[in-house]
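So the structure is just underneath, and the comments pick up after that.
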Amino acid sequence: MEVAKIPIINENSIAEARNKIHLLAEDLKFDSFTSNKLATITSEFSRIIQKNGAGKDIIVGLDRKGRLYRLIIIFQSIDNDSSLLMSKIFFDYLKITENEDGFKKVEAFKHIPDPGFKPTEEFIDIEKERLIRLSKAELLSDIKRKNDELLKLLDDREKADAKIQKLYNELKESQSQLVHS
């Protein structure tokens, strides 16, 4: 079951994805080494996404295998990046399938340490909210990006206005020359 999609937009979102996965891993009662490793690998996955422009999200979910649940992290890649290949050692199962468009769908599974874990609706809702909520850094980054877009539009408009004014002045000059000739 999908818990959330974490968008990977820029460097700030990579750090946020790392932090969010670390918190989720702690809530799932992974030990600190495993929580840190999951967070680090999430950073690497996020960098792969940003580098190759494949699907811009990391999908995080819970998967049931028999009676046991496991954490699943899904993303797309173009190639078998070395950090991707190294993560095979850490995960309990890493599944890589190629899509028709040449992208590789990577599904990484890690068994949840508590064999009696069963996700409740409340647990899922809390984790979903935590994973999709934008941090201050993400909000500021989004505002900055939108501000930069608006400034570019304003600059383009000013250039267009200046060009129109120049053409208007040339037209008036040509009209004046015609009248005086």
Checklist entry - What do you reckon, is CD of Glu98 surrounded by more than 12 foreign heavy atoms closer than 6.0 Å? => result yes

Checklist entry - Looking at Phe91 versus Phe109, is the centre-to-centre ring distance below 6.0 Å? => result no

Item to check | Check: Phe123 ring centre within less than 6.0 Å of Phe117 ring centre | outcome: yes

Taking all non-hydrogen atoms of both residues, which atom of [X] and which atom of [Y] are closest, and how far apart?
X	Y	answer
Asn99	Lys105	OD1-CB, 4.1 Å
Leu71	Gly61	CD1-O, 3.5 Å
Ser43	Ile14	O-CG2, 4.0 Å
Ser35	Phe30	OG-O, 3.4 Å
His22	Ala39	CB-CB, 3.8 Å
His111	Arg70	CA-CB, 3.7 Å

With side chains defined as the heavy atoms from C-beta onward, is the minimum distance between [X] and [Y] less than 4.5 Å?
X	Y	result
Asp114	Leu28	no
Ile59	Phe75	no
Phe45	Ser87	yes
Lys118	Thr120	no
Arg130	Leu23	yes
Tyr69	Asp63	no
Asn169	Leu167	no

From [X] [atom1] over to [Y] [atom2], what is the distance, rounded to the nearest 0.5 angstrom?
X	Y	atom1	atom2	result
Lys37	Ser32	NZ	OG	13.5 Å
Ile74	Asp57	CD1	CG	11.5 Å
Ile112	Lys65	CD1	NZ	14.5 Å
Leu38	Leu24	CG	CG	8.5 Å
Ile124	Leu131	CD1	CG	10.0 Å
Lys163	Gln165	NZ	CD	14.0 Å

Next on the checklist: Run the side-chain contact (heavy atoms from CB on, under 4.5 Å) test on Asn147 and Glu149 for me, step by step, so that the C-alpha distance in whole Å, both residues' side-chain angles and the decisive distance to 0.1 Å come before the verdict.
Outcome noted: CA-CA 5 Å; Asn147 189 45; Glu149 289 173 7; over 6 Å; no

State plainly whether one hydrophobic cluster holds both [X] and [Y], where clusters connect Ile, Leu, Val, Met, Phe, Trp and Tyr through side-chain heavy atoms under 4.5 angstrom apart.
X	Y	result
Tyr93	Met1	no
Phe90	Ile58	yes
Ile41	Ile96	yes

Checklist entry - Looking at Lys159 and Asp155, does any basic side-chain N land under 4.0 Å from a carboxylate oxygen? => result yes

Item to check | Residue pair Leu154, Glu158: steps toward the side-chain contact (heavy atoms from CB on, under 4.5 Å) verdict | outcome: CA-CA 6 Å; Leu154 180 62; Glu158 287 173 352; 3.9 Å; yes

Item to check | Donor-acceptor under 3.5 Å (Lys110 side chain, Ala25 main chain) | outcome: no

Checklist entry - Judged by modelled atom types alone, do Asn12 and Glu16 share a side-chain donor-acceptor pair under 3.5 Å? => result no

Checklist entry - Hey, are Ser46 and Arg18 close enough side-chain-wise for a donor-acceptor pair under 3.5 Å? => result no

Checklist outcome for this item: Residue pairs meeting salt bridge (Lys or Arg N to Asp or Glu O under 4.0 Å), one or both in residues 164-175, sequence neighbours left out, come to Lys166-Glu170

Next on the checklist: Run Glu122 and Ile126 through side-chain contact (heavy atoms from CB on, under 4.5 Å) and show every step you take.
Outcome noted: CA-CA 6 Å; Glu122 181 184 11; Ile126 289 169; 3.9 Å; yes

Item to check | Candidate pair Ile72 and Leu62, rule side-chain contact (heavy atoms from CB on, under 4.5 Å), full reasoning | outcome: CA-CA 6 Å; Ile72 179 171; Leu62 296 172; 5.8 Å; no

Checklist entry - Excluding sequence neighbours, so at least two apart, what forms side-chain hydrogen bond (donor to acceptor under 3.5 Å, both in side chains) with Arg47? => result Glu11

